[in-house]
Amino acid sequence: MTYPDLHMIIGGEKVAVGDRRTHTVVNPATGEDIGQLPLASADDLDKALAKADEGFRIWRAEAPEKRAAVLTRAAGLIRERAGDMAAVLTAEQGKPLGEAKGEAIYSAMLLEFYAGECKRIYGRTLVRPAGSHAEVRYEPVGPIAAFAPWNFPIINVARKVGGPIAAGCSVIVKPAEETPASGIMLVQCLLDAGLPPEVCQIVFGVPDEVSRHLLGSPIIRKLSFTGSTAVGKHLMKLAAEGMKRTTMELGGHGPVLVFEDSDVDIVLDTMVAAKFRNAGQVCVSPTRFIVEQGIYDNFRDGFVERAKKIAVGNGTDKDTRMGPMANARRPDTIEQMVADAVDKGAKLLTGGERIGNQGFFYAPTVLADVPQDAEIMNEEPFGPVALINSYAGEAEMIAEANRLPYGLAAYAWTKDAARQRRLADELEAGMVAINGANVSAVDAPFGGVKWSGHGSEDGAEGVLACMVLKSVHQS
Ligand code: NAD
């Protein structure tokens, strides 16, 4: 696999490094430099804004069938190119090739679903006396500035551009500079499918410069961000200055409630794989295992046994189940959080160390009996660390699940039907999985509550989030 040349795409034109500042892209499995990415100048961003302004006028006037056709064709191209896209993703982000390919296919499915949604945007007609008329209609919000992170470099970009395109908006997307090529390939599929080049721009830059520039422009009507809660709060303040709408997909601290009536082996087989998927760098990653005391010892020991067997390596190796962490910041952060937990009395049962002498590998790690004041019990680890603690019963377990300000994904395992309904009611989360590990589907809204953000991507809601309401009263 040859890692592609990197560029921005503004008005359909590839904007290469030239005399611009650059960011060096690194393969996280080897530590080698693999690409030079151009960083946008203020002039580049002004061009992207002008194109987005034009693109909105073009696209909002386009028939929904045309938008749907472009999304459907783009999905077909993603399917055709999924192997190449996966290889590039693995080179720049590290996850195993199979997971990378799955991400490309999920993106194709999402665009196909959104293509259908183009024709399912309904307003309503209000009851009025004969001769007068009143209606509520949805209209596209306008040009959107979207920022996507590095953990899912294809699907995050597909989410950021798919909703706006289905809704009739234009969009400027800035993926993370660490993983640029996957997003470039995704946007290229849309352009090759016939998307007018003014409708979707892809830029890279110094994140704070780009976000200030785009959000400072009156052309941009909405901010869409996926990333940490801290950066999300900062961007919301910038958006507030221009009264821009926001969709914020932020951090989580996934609780997993495991009750004594569940089958421990099934829970472990499902949740250990879920924990270490993408080396734990997943906003919905299961993190705090809240285990009812009667099964605690079995659960903890079974977890450790399985974690030790996970094959860690380069994502290109077919036996690899967990790749490296995506960048040098992650193992540093995890190392410091694990040390803090152990200092405060947590038991380190496996892992807790880097692996090898190249790249950013960190071993699958299990901490048990972790004190509540350890940083890792309160801040998102975003890495391959499971925290396992014992609790006395349902009330205590729900209280622990809801203790943190985060509310993204929550998981629960129990065979008791009445308890399943109580958990669905009580868990403060945007997404809940009961007796399973999956919390996302293209037709379901993906998003959180509390500090995990607001608004949704995927589902019909992912399109409606790119629209505004207008009431029309006609006498
Ligand atoms: P970070 O907080 O510096 O950055 C998070 C993301 O925001 C990155 O993609 C980054 O490029 C972007 N970003 C940072 N500053 C920005 C700005 N001023 N304007 C626009 N975008 C900006 O942290 P990081 O080290 O890259 O990632 C670690 C943390 O980020 C994790 O602990 C996790 O909480 C969070 N994160 C969350 C998700 C998610 O899916 N919700 C994805 C990646 C990272």
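All values below come from the heavy atoms of this structure, side chains included, with hydrogens, waters and symmetry mates left out. In listed order, ligands and their atoms are each counted from 1. Just so it is clear, the model here is predicted, and its values are computed rather than measured. Numbers for residues simply follow the sequence, beginning at 1.
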Quick one: do Val199 and Val171 satisfy side-chain contact (heavy atoms from CB on, under 4.5 Å)? Show the steps, please.
CA-CA 6 Å; Val199 177; Val171 57; 5.6 Å; no
Run the side-chain contact (heavy atoms from CB on, under 4.5 Å) test on Leu423 and Leu257 for me, step by step, so that the C-alpha distance in whole Å, both residues' side-chain angles and the decisive distance to 0.1 Å come before the verdict.
CA-CA 9 Å; Leu423 291 166; Leu257 292 76; 4.0 Å; yes
Can you check salt bridge (charged side-chain N to carboxylate O under 4.0 Å, His left out) on Glu99 and Arg321, steps first, answer last?
CA-CA 9 Å; Glu99 283 181 34; Arg321 290 290 161 271; over 6 Å; no
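Heavy atoms only, all atoms of each residue included: Met377 and Pro371 are closest at CG-O, 3.4 Å.
Closest to atom 43 (C) of ligand 1, if we only count protein heavy atoms, is Pro149 CB, 3.4 Å. Ranking protein heavy atoms by distance to atom 29 (C) of ligand 1, first place goes to Ser228 CB, 4.0 Å. Nearest protein neighbour of atom 34 (O) of ligand 1, counting heavy atoms only, is Glu380 OE1, 2.3 Å. Summary of contacts: the protein heavy atom closest to atom 24 (P) of ligand 1 is Arg329 NH2, 3.5 Å. At the shortest separation from atom 15 (N) of ligand 1 among protein heavy atoms lies Val231 CG1, 3.6 Å. In terms of protein heavy atoms, atom 39 (C) of ligand 1 is closest to Cys283 CB, 3.5 Å. Among all non-hydrogen protein atoms, the one lying nearest atom 32 (O) of ligand 1 is Phe382 CB, 3.7 Å.
Screening residues 3-15 for side-chain hydrogen bond (donor to acceptor under 3.5 Å, both in side chains), with sequence neighbours left out, gives Tyr3-Glu92. Evaluation of the salt bridge (Lys or Arg N to Asp or Glu O under 4.0 Å) test over residues 447-463, restricted to residues two or more places apart or in two chains, returns Arg159-Asp458, Lys160-Glu457, Glu428-Lys450.
Every atom of ligand 1 with a heavy atom of Leu235 under 4.0 Å away is listed here by number and element: 19 (N), 20 (C). For ligand 1, the atoms lying closer than 4.0 Å to a non-hydrogen atom of Ser211 are 17 (C), 18 (N), 19 (N), 20 (C). Annotation for ligand 1: atoms under 4.0 Å from non-hydrogen atoms of Arg330 are 28 (C), 32 (O). Residue Thr226 has at least one heavy-atom neighbour below 4.0 Å for each of these atoms of ligand 1: 39 (C), 40 (O), 41 (N). Counting atoms of ligand 1 from 1 in the listed order, those under 4.0 Å from a heavy atom of Leu250 are 41 (N).
A side-chain donor-acceptor contact under 3.5 Å links Gln36 and Thr22.
The proximity of Glu249 to ligand 1, defined as any non-hydrogen pair under 4.0 Å, is limited to the backbone.
Taking CG of Leu238 as the start and NZ of Lys233 as the end, the distance is 15.0 Å to the nearest 0.5 Å.
For the pair Gln281 and ligand 1, no heavy-atom separation below 4.0 Å is found.
The aromatic ring centres of Phe204 and Trp150 sit 6.0 Å or more apart.
Judged by the 6.0 Å and 45° rule, Lys95 forms a cation-pi pair with Phe152.
Looking at Phe152, Phe147, Phe225 and measuring to atom 12 (C) of ligand 1, the nearest heavy atom belongs to Phe225.
Within the 4.0 Å cut-off (strictly below), a protein heavy atom is located near atom 27 (O) of ligand 1.
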